[in-house]
Amino acid sequence: MLKVYEVTVELDNYDIIYKQEVVGVMRLQFENDCCFLRDLQVISSAQNKGIGQVAIQEAKTRTLNANLSKLALRVLKISPAVSLYQRNGFVTQSEDERFFNMVAELS
C-alpha cells in the first residue's frame, strides 16, 4: 500500500463515486503542455454504465481548465478500454509491443 501512495502522491487523485459509493479512481498529472491520464479504474460491477465516459469528460474539462489542449494516456493493447478511448477522441500517437500511447487534442 505504501508503494502505491509513493507513486501517486504527486498526482491529482480523484475518487469516482456512483450512487454514493466509491467505484473507481482517476489520476491526472499536469505537465508543461499536456495532461496525462495516469490511471482510470472502475470496479467491474460498475463498468458499462457510462462511468468511464463521464470520467474522461471530466479529465478533458480539467485539462482545458488548466489551459492545456492535450490529454494523453498509455494503455495496454489488450485492454478493453482502448475502444472507450477511441470513442472519446483519442488516437494512437505511438506504440510498442504492449502499449498504445494515445492522445486527444482538445479545444
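- Applying the ring pair (Phe, Tyr, Trp, His ring centres under 6.0 Å) test to residues at least two apart or on different chains, the pairs with a partner in residues 86-107 are Tyr85-Phe90.
- With sequence neighbours left out, the side chain to side chain contact (heavy atoms under 4.5 Å, CB included) criterion links Glu97 to no other residue.
- Interatomic distance, Met102 CE to Leu37 CG, rounded to the nearest 0.5 Å: 11.5 Å.
- Asp33 is linked by a side chain to side chain donor-acceptor pair (under 3.5 Å) to nothing, counting only residues two or more places apart in sequence or in another chain.
- Remark: Ser94 engages Asn101 in a side chain to side chain donor-acceptor pair (under 3.5 Å) (not counting sequence neighbours).
- There is a path of hydrophobic side-chain contacts, each under 4.5 Å, that joins Val23 to Tyr14.
- Taking the side chain to side chain donor-acceptor pair (under 3.5 Å) definition, one finds that Lys70 meets it with nothing, sequence neighbours left out.
- For residues 51-60, the pairs satisfying salt bridge (Lys or Arg N to Asp or Glu O under 4.0 Å) are Glu58-Arg62, with sequence neighbours left out.
- Between Leu84 atom CG and Leu40 atom CG the span is 7.0 Å, to the nearest 0.5 Å.
- Among pairs with a residue in residues 38-47, those fulfilling salt bridge (Lys or Arg N to Asp or Glu O under 4.0 Å) read Arg27-Asp39, at least two apart in sequence or across chains.
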What donor-acceptor contacts under 3.5 angstrom involve side-chain atoms of residues 47-56, with partners at least two apart or in another chain?
| residue | atom | partner | partner atom | Å |
| --- | --- | --- | --- | --- |
| Gln47 | NE2 | Val42 | O | 2.7 |
| Gln53 | OE1 | Asn88 | ND2 | 3.2 |
| Gln53 | NE2 | Asn88 | OD1 | 2.9 |

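- Phe36 and Val25 end up in different hydrophobic clusters when Ile, Leu, Val, Met, Phe, Trp and Tyr side chains are linked at under 4.5 Å.
- With sequence neighbours excluded, the residues that form a side chain to side chain contact (heavy atoms under 4.5 Å, CB included) with Leu68 are Phe30, Cys35, Thr63, Ala66.
- Qualifying salt bridge (Lys or Arg N to Asp or Glu O under 4.0 Å) partners for Glu21, counting only residues two or more places apart in sequence or in other chains: none.
- The distance from the NZ atom of Lys77 to the OG atom of Ser79 is 13.0 Å, given to the nearest 0.5 Å.
- Both Met26 and Val82 are members of a single hydrophobic cluster when ILVMFWY side chains are connected at heavy-atom separations under 4.5 Å.
- Residues meeting the side chain to side chain donor-acceptor pair (under 3.5 Å) test with Gln86, sequence neighbours left out: none.
- Shown here are the salt bridge (Lys or Arg N to Asp or Glu O under 4.0 Å) partners of Asp96, two or more places apart in sequence or in another chain: Arg74.
- Ile43 and Ile17 are not part of a single hydrophobic cluster, where members link through side-chain heavy atoms under 4.5 Å apart.
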